[in-house]
Amino acid sequence: MKAFTYEKPASPAEAASAAARMPDAKFIAGGTNLLDLMKLQIETPAHLVDVNGLGLDTIAATQEGGLRIGALVRNTDLAADARVRTDYGVLSRALVSGASGQLRNKATTAGNLLQRTRCPYFYDTAQPCNKRQPGSGCAAIGGVSRQLGVIGTSEACIATYPGDMAVAMRVLDATVETVDAEGAARKIPVAEFHRLPGDTPQIETALKPGELITAVTLPKPVGGTQVYRKVRDRASYAFALVSVAAIVQRDGSARVAFGGMAPRPWRVEAAEAELAKGAKPAAERIFAGAKPTHDNAFKLKLAERTLDAVLTEARG
Amino acid sequence: MKHPGEFALNRRDLVAGASACTALTVMPLTARAEAPIADRAVKTPVSLTINGRRHDLELDTRTSLLDAVREHAHLTGSKKGCDHGQCGACTMIVGGRRINSCLTLAIMHQGDEITTIEGLGKPDALHPMQAAFIKHDGYQCGFCTPGQICSGVAVLDEIKAGIPSHVTADLTAASEVTASEIRERMSGNICRCGAYSNIVDAMTEVAGRRA
Ligand SMILES: Cc1cc2nc3c(=O)[nH]c(=O)nc-3n(C[C@H](O)[C@H](O)[C@H](O)COP(=O)(O)OP(=O)(O)OC[C@H]3O[C@@H](n4cnc5c(N)ncnc54)[C@H](O)[C@@H]3O)c2cc1C
Ligand code: SF4
């Protein structure tokens, strides 16, 4: 690990300006993704701004009837919140399907959203990786790619966004709230938060350097039957091959987002009318233009079948 | 632009790369502890409260909570397995919650109440979970055991506190201590000897139910 200096500011404004002031500064929240990567010198910040003293650790009702989730709310606490369990079940379910109990006790809302979009070769510093070292190539293309993306990928990078929580937030139409070093606040729909790799896979989100996430807001509850189904190589404690977050209404209308398929939670609103006709026509629309590799072409069938199972479960 | 073959490689990179390359898929237990390289180490005073006792330490900012406890406070019960949050051998209870002490910095835990295996019980006054692990043979080599026991104690508290898990059928109902709840909640603690079923028995007994 590279040496770094450390500070723990007490307000969001101070934190954002601290991160902007120091070159190569990074925020640290739970540390479960950042320290993992710092140990391998994949992340090499020279200064850490500890955001654990900022408050931002409560869940409050919004005027619109939704919830504002502080950036520092731990994954365990978010999953266990009575309002989330009752009104946003898909979010609770997604959270408890991710990582382990120990990790969820540390992992924060903002940190979880910002976990790196990554692949095994990204971790392997002996391999070329355009994300880790722009311009070096991509070892995953032509390498072992069973776990990797089938859509939204590029010639530069085929990594998937590995998180579960954000897939549920995508189907819930969440909004990310931030503040920058000048104190300017902005709201980013979660749909626009994670970007596709194109030829700059090292840039994964819409955040500007030093911009601090303060909260994620959920609109007022939409009801329906909410399901998160995660298909993986083990029953627990593994990243998704495919996951489906779904909200299915009694009238048959539905929204779905997929994890494990793309460099960001994958949702195609324009295809959701097809869901009334069944999983196959919907999946065909949702994954139109997919470019799977030899290793991961099975994911398209798996996604369709998982969607089918989820719709069947939700529609009873 | 560099070619794959032109990468400047040193042994550290190789070790790190080899150990992490399957991390996303299978989480092997092969990552190794690493010697910090000597680039401008930043030292700072850190005071930790471990098992009710205060330790005033002078630490490199890079020091993980695990390394601080083992190498500086000399409490070596907590183990370093993977050092990447994958195996659970380093599990401690911090502020009432179990965490992977390898994936957090010591400096971030000043003022927190830190409990390690040494703080749960003593050889002549075992914690009920420690006693149950012995009774049910909840280990073989013992390396993962301190983490398993800390996790086991915290898991029962999590169930009592109504925190749901992946296998909780009804999100709006209270969770119960069932074998499947225990297995799911303990999945962050790997045991290479495979003592899992005996660990479930030990935890079930402590929870007040027969396996
Ligand atoms: C073994 C293992 C298994 C895992 N399995 C899963 C899984 O199955 N599913 C899943 O979804 N995840 C999984 N994870 C990932 C885990 O969920 C993330 O590591 C965690 O959510 C990150 O949160 P954190 O608070 O610890 O982030 P940190 O590591 O503290 O930060 C992550 C990033 O976010 C930035 N950041 C943090 N807070 C803010 C803020 N307020 N504003 C701006 N930037 C900020 C940091 O600078 C850093 O770049 C796994 C992790 C491990 C180690
Ligand atoms: S898929 Fe992306 S993260 Fe993986 S090696 Fe290629 S460029 Fe790197």
Side-chain angles (χ1 to χ4, degrees), chain A residues 1-6 8 28 30-33 35-36 38-42 48 50 52 74 76-77 79-80 82 84-86 89 92-93 96-97 99-103 105-106 118-128 133 135-137 139 146-147 162 230 233-239, chain B residues 1-4 7 9 12-14 16-18 20-27 31 34 36-37 39-42 44 60-62 64 83-85 88 91 94 97-100 102-105 107-108 151 154-155 158 161-168 171-172 183-189:
Chain A
M1 199 186 292
K2 293 266 199 227
F4 54 83
T5 49
Y6 168 91
K8 188 175 180 182
I28 184 163
T32 60
N33 187 228
L35 288 168
D36 183 36
M38 284 170 65
K39 286 180 188 213
L40 300 167
Q41 294 195 24
I42 294 166
L48 285 185
D50 182 351
N52 288 284
R74 307 289 156 178
T76 298
D77 296 311
V84 176
R85 288 158 79 161
T86 311
S92 260
R93 288 284 181 211
V96 295
S97 79
S100 66
Q102 289 97 314
L103 288 161
N105 281 342
K106 272 260 127 195
R118 56 204 192 273
C119 93
Y121 297 102
F122 172 71
Y123 277 83
D124 185 347
T125 51
Q127 299 285 338
Q133 193 169 10
S136 63
R146 179 171 176 275
Q147 196 87 13
K230 181 172 177 179
D233 287 335
R234 301 193 293 212
S236 183
Y237 202 20
F239 287 95
Chain B
M1 203 193 290
K2 275 186 174 176
H3 250 256
F7 276 112
L9 281 186
R12 272 181 45 80
D13 287 340
L14 277 174
C21 93
T22 49
L24 279 172
T25 46
V26 291
M27 301 177 186
E34 52 192 314
I37 48 168
D39 53 326
R40 306 176 289 108
V42 182
T44 182
D60 187 317
T61 49
R62 289 171 284 193
S64 68
D83 211 25
H84 284 271
T91 303
V94 177
R97 289 272 175 97
R98 60 185 168 134
I99 65 169
N100 299 107
C102 73
L103 276 192
T104 190
L105 298 171
I107 194 174
M108 296 169 77
S151 222
V155 159
E158 286 166 16
I163 293 166
S165 87
H166 177 59
V167 300
T168 307
L171 276 181
T172 57
R183 280 195 198 100
E184 162 60 27
R185 290 169 192 265
M186 291 295 287
S187 69
N189 291 83

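Protein chains get the first letters and strands the later ones, always in sequence-line order, with residue 1 at the start of each.
Between atom CD of residue A:Q102 and atom CZ of residue B:R185 there is a gap of 12.0 Å, rounded to the nearest 0.5 Å. Interatomic distance, A:L35 CG to B:L103 CG, rounded to the nearest 0.5 Å: 6.5 Å. A:K39 contributes atom NZ, which lies 4.5 Å from atom SG of B:C102 (distance to the nearest 0.5 angstrom). Atoms OG and CD, on A:S100 and B:E184 in that order, are 10.0 Å from each other to the nearest 0.5 Å. Atom NZ of residue A:K106 and atom CG of residue B:N100 lie 10.0 Å apart, to the nearest 0.5 angstrom. Atom-to-atom distance recorded for B:H84:NE2 and A:T32:OG1 is 13.0 Å, nearest 0.5 angstrom.
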Verdict with reasoning, A:N105 to B:E158, per side chain to side chain contact (heavy atoms under 4.5 Å, CB included): CA-CA 11 Å; A:N105 281 342; B:E158 286 166 16; 3.4 Å; yes
Working for side chain to side chain contact (heavy atoms under 4.5 Å, CB included), residues B:S187 and A:R234: CA-CA 10 Å; B:S187 69; A:R234 301 193 293 212; over 6 Å; no
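If you measure heavy-atom distances from B:S151 to chain A, the contacts under 4.5 Å come from the side chain alone. Only the side chain of A:D50 comes within contact range of chain B, with heavy atoms under 4.5 Å apart. A:A82 does not touch chain B: none of its heavy atoms, backbone or side chain, sits under 4.5 Å away. When heavy atoms are compared at a cutoff of 4.5 Å, B:T61 approaches chain A by way of both its backbone and its side chain. With a threshold of 4.5 angstrom between heavy atoms, A:L48 approaches chain B through side-chain atoms but not through N, CA, C or O.
Between A:S97 and B:H166, the shortest heavy-atom contact is CB-ND1, 3.9 Å. For the residue pair B:R97 and A:D77, the shortest heavy atom distance occurs at NH2-OD1, 2.6 Å. Pairing each heavy atom of B:P164 with each of A:V96, the nearest pair is O-CG1, 3.5 Å. In terms of heavy-atom proximity, B:R62 sits nearest to A:K2 at CD-O, 3.5 Å.
Heavy-atom pairs under 4.5 Å with chain A were tallied for B:V42, B:I107, B:V94, B:T44; the largest tally goes to B:I107. Contact tally against chain B (heavy-atom pairs below 4.5 Å) for A:N52, A:T76, A:T86, A:N33: the top residue is A:T76. Comparing A:G31, A:A80, A:A235, A:S236 by heavy-atom pairs within less than 4.5 Å of chain B, the highest count is held by A:S236.
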